[in-house]
Amino acid sequence: MYIGDTGKKGLHHLVFEVLDNSVDEALAGFADHIRVTFNTDNSVKISDNGRGIPIDNHPEYGKPAVEVIMEYLHSGGKFDNKSYKISGGLHGVGLSVVNALTEWLKVEIDRDDTHYEQEFSRGIKKSDPKITKSNSKDTGTKISFYPDKEIFDFNPEERIFNYHTIVARIRELAFLTPQAKFEVKDKIDEDEEEFYYEGGINEFIGYLNKDKQPLHNDIISISDSYDSNGSKVYVDIAMQYNQGYQTTILTYANTINTLEGGTHLTGFKSALTRTMNSYIEKNMEKKYKDHVLSGSDTREGLSAIVSVKLPDPQFESQTKIKLGNPEIRQIVSQAITENLAQYLEENPQTAKKIIMKTISAKNAREAAQNAKLLIRRKSALDNARMPGKLADCSSNEPEECEVFIVEGDSAGGSAKQGRDRTYQAILPLRGKILNVEKARLDKILQNNEIQAIIRALGVGVQGVSNEEFSLENLRYHRVIILCDSDIDGFHIQTLLLTFFFRYMRPLIDKGHLYIGNPPLYQTKYKKSIHYCHSEIERQEIIKTLIKKYNIENTNKIKIKRFKGLGEMNPEELYNTTMNRETRTLKKIIYENYLDNDILFSKLMGKDVTPRKKFIVEHYSETKSL
Ligand code: 0RA
C-alpha cells in the first residue's frame with residue numbers, strides 16, 4: 001500500500017502493454033528471455049528473444065507489417081488470420097496505442113537474417129526503416145520509448161517509472177510464465193534483478209505464504225487442459241492452507257489479475273465446497289458427518305492461485321477485471337472435482353488436517369454470527385445505535401460528512417471541541433485496537449474499539465458473508481485516521497489500516513479512507529507562528545524567518561515539538577489538521593493487492609521482528625520526509 005495519487009497508472013500501463021506482447025511470445029513457446037531496462041534518460045526498453053514482429057510487406061497496406069502493427073492495428077486485431085494476443089486485454093490497448101502516446105518510440109527487430117530499426121514520434125513514423133543484413137541467427141524484438149509529457153503528468157527531470165510498481169508486475173508475470181526468465185536492469189540506480197520461477201504458481205504460493213505458518217507441507221497443485229469448442233483451455237491451480245484465518249485467492253485469465261474474480265473463481269469456490277463436503281460424507285468418522293460446511297469455512301486460511309489460459313477471454317464490468325466466459329466455470333469446477341478429490345484420497349493425513357480446520361472455521365462462524373446478533377440486539381436495547389464516545393455531526397448528508405478516528409481520549413477531546421460540528425464527527429479510540437491479523441472474526445467483533453468503528457460507519461463488515469457489507473450505508477464519505485506522529489501512533493495506524501484492508505476493503509477501493517497529517521513542530525518568533533510537518537520544513541521556515549526579520553540570535557525563535565495530538569489545543573488542532581481549507585490529507589490507495597497481502601501478513605503475523613523493523617524504518621522515513 002502506498003499513499004499518493006493514481007495519475008501514473010496510465011504511464012505504467014504503457015510498459016505493461018508492451019510487456020504483454022513479449023509474454024505472449026513466451027507463452028506461445030517462442031521466447032524464453034524478457035528484459036526491461038530503465039535507461040538513464042528516463043526512457044524504458046522492453047526486449048525479448050521471440051520471433052520478432054513480422055517485417056515483410058503487408059499485402060493490404062503495402063508496407064512492412066511492423067509499421068501496420070505500430071500505426072494501425074488495435075488489440076485483438078487479427079494478423080495473418082490469427083489473433084496474436086494471448087495475454088493482455090486489461091491494459092489491452094495494443095502497440096499502436098502505446099506508440100501514439102509516446103514522444104518517441106524505437107523498434108528494433110531481428111528476424112529473417114535482417115536487422116530492422118525504425119523510429120516513431122507520437123504514433124507516426126519519423127522515417128523509413130533502417131534495414132541491414134545480419135548474420136546472426138538470434139531473433140527478437142526491442143521496443144524503447146519515452147512517454148508523451150503533453151499527455152501524461154510527470155516531471156521529466158525525475159524517474160518517470162516507479163521501479164517497484166513494474167517489478168511487482170514482472171514478478172507476477174514470472175510466476176505465471178515459468179517458460180521465461182525476466183530481467184530488470186536499472187541503469188539509473190545501477191541495479192539488476194532476475195525473476196525466473198521454474199515451479200510457476202507453486203512457487204507463487206510459497207512466496208505468498210512465506211510469512212504464514214503452513215498447515216501442511218505439500219502445495220496442492222493441479223494442472224489440466226480441456227477442449228472447449230475446438231480450442232484448448234488450460235487450468236493451473238496451486239493451493240495451500242495456513243494456520244491463519246485470512247483467505248487469499250488470486251485469479252488470473254491469460255496472466256491478467258482478475259481482481260473481481262469471475263467464472264473461474266465461482267467454479268473454483270463451488271467445487272471446493274462440494275469436494276470438502278463429500279470428503280466428510282465419505283471418509284470422516286461418524287461424529288463429523290453432520291457438519292455441513294459453507295463456502296467460507298472451506299476457504300479459511302487458504303492461499304490459492306487459479307490461473308486459466310483461454311483463446312477468447314471475455315471481460316465483464318467497466319474495469320475489465322472480471323472474467324465472463326460461462327464455459328470456464330464448469331471447466332475449473334471439473335478440474336477441482338477430479339483432481340482435488342483424488343489428492344485428498346491419496347493424502348489422508350493432510351486431508352484430515354484440512355478438514356479439521358474447516359470444521360473449526362464452521363464453529364467459529366457460528367460463534368461470530370451469535371456475536372453479531374448480540375451487537376444488534378444490544379444496540380436495539382440501548383435505544384442508541386451509535387457508540388457512546390462518538391461525537392456525531394449534525395448533517396445527515398454522508399457525502400459532505402467526515403469522521404475522524406482519533407487516537408486517545410485527550411486528543412479526542414481537543415478534536416471534539418475544535419471541530420466543525422455540522423460536518424465533522426469524532427470517534428476517539430482508547431489505546432490499541434485488536435490485531436485483526438491474529439484473531440478470528442468472533443473475537444474481533446467482541447473488541448470494543450472495533451465495535452465502535454463498525455457501528456459508527458454503518459456499513460457492516462466483510463467476512464461472515466458478503467451480503468453483510470453495504471457501502472451505501474456509509475455514514476461519512478471521508479473516514480480519517482488521526483494518530484500521533486510517534487511509533488505508537490504509527491502502530492495504531494497500521495492496525496487500523498489492516499482492519500480496513502481485511503474487513504472493509506471497498507472503503508479503500510472507493511477512496512473513502514484517509515490519514516490526517518498533523519504538524520510535528522510549531523515555530524514562533526514574536527507574533528509569527530508557523531506549523532511544520534517535517535524536519536525539512538522546519539529548517540526551511542527557520543531560514544525564512546532569519547532572512548525576513550534579520551534575526552541574529554536564533555535562540556529567539558521558539559520551537560515546540562508536538563509529541564502527541566493531545567498537546568495541541570482545540571483551536572490549534574482544528575487549524576492545522578482538520579480545517580478543510582488548509583489541511584492536507586493522505587488518501588489511502590493500494591496498487592497491488594499481492595504486495596499488501598504479503599505486507600500485512602508480515603506486519604501483523606505471529607513473528608514480531610518484521611513488524612518492529614517495518615514500523616521503526618517507516619517511522620523514521622516518515623519523520624525525515
Ligand atoms: C505479430 C505476429 C507475430 C509476432 C508478433 C506480432 C510479435 C509481437 C511482439 C511485440 C513484442 N515482441 C513481439 N514478438 C512478436 C508472429 C510472427 C510469426 O509468425 O513469425
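Indexing begins at 1, ligand by ligand and atom by atom, following the structure's order. Computation of the quantities below employed the complete heavy-atom set of this structure, encompassing side-chain atoms and omitting hydrogens, waters and symmetry-equivalent molecules.
Of the heavy atoms in Val18, none comes closer than 4.0 Å to ligand 1.
Relative to atom 6 (C) of ligand 1, the option among Pro54, Gly52, Ala31 with the closest non-hydrogen atom is Pro54.
Each of the atoms 11 (C), 12 (N), 13 (C), 14 (N) of ligand 1 lies under 4.0 Å from some heavy atom of Thr141. Short contacts between ligand 1 and Asn21, defined as distances under 4.0 Å to a heavy atom of the residue, involve ligand atoms 10 (C), 11 (C).
Applying the salt bridge (charged side-chain N to carboxylate O under 4.0 Å, His left out) criterion to Lys126, with sequence neighbours excluded, gives Glu119.
Within the structure, every pair that satisfies the salt bridge (charged side-chain N to carboxylate O under 4.0 Å, His left out) test and touches residues 219-232, not counting sequence neighbours, is listed here: Asp227-Lys232.
A salt bridge is defined here as a Lys NZ or Arg NE, NH1 or NH2 lying under 4.0 Å from an Asp or Glu carboxylate O, and Glu71 with Lys125 fails to meet this definition.
Residue contacts with ligand 1: Gly50 is excluded, as none of its non-hydrogen atoms falls under 4.0 Å.
Interatomic distance, Ile219 CD1 to Gln240 CD, rounded to the nearest 0.5 Å: 5.0 Å.
Between Phe195 and Tyr197, the ring planes are tilted. Angles from 30° to 60° get that label.
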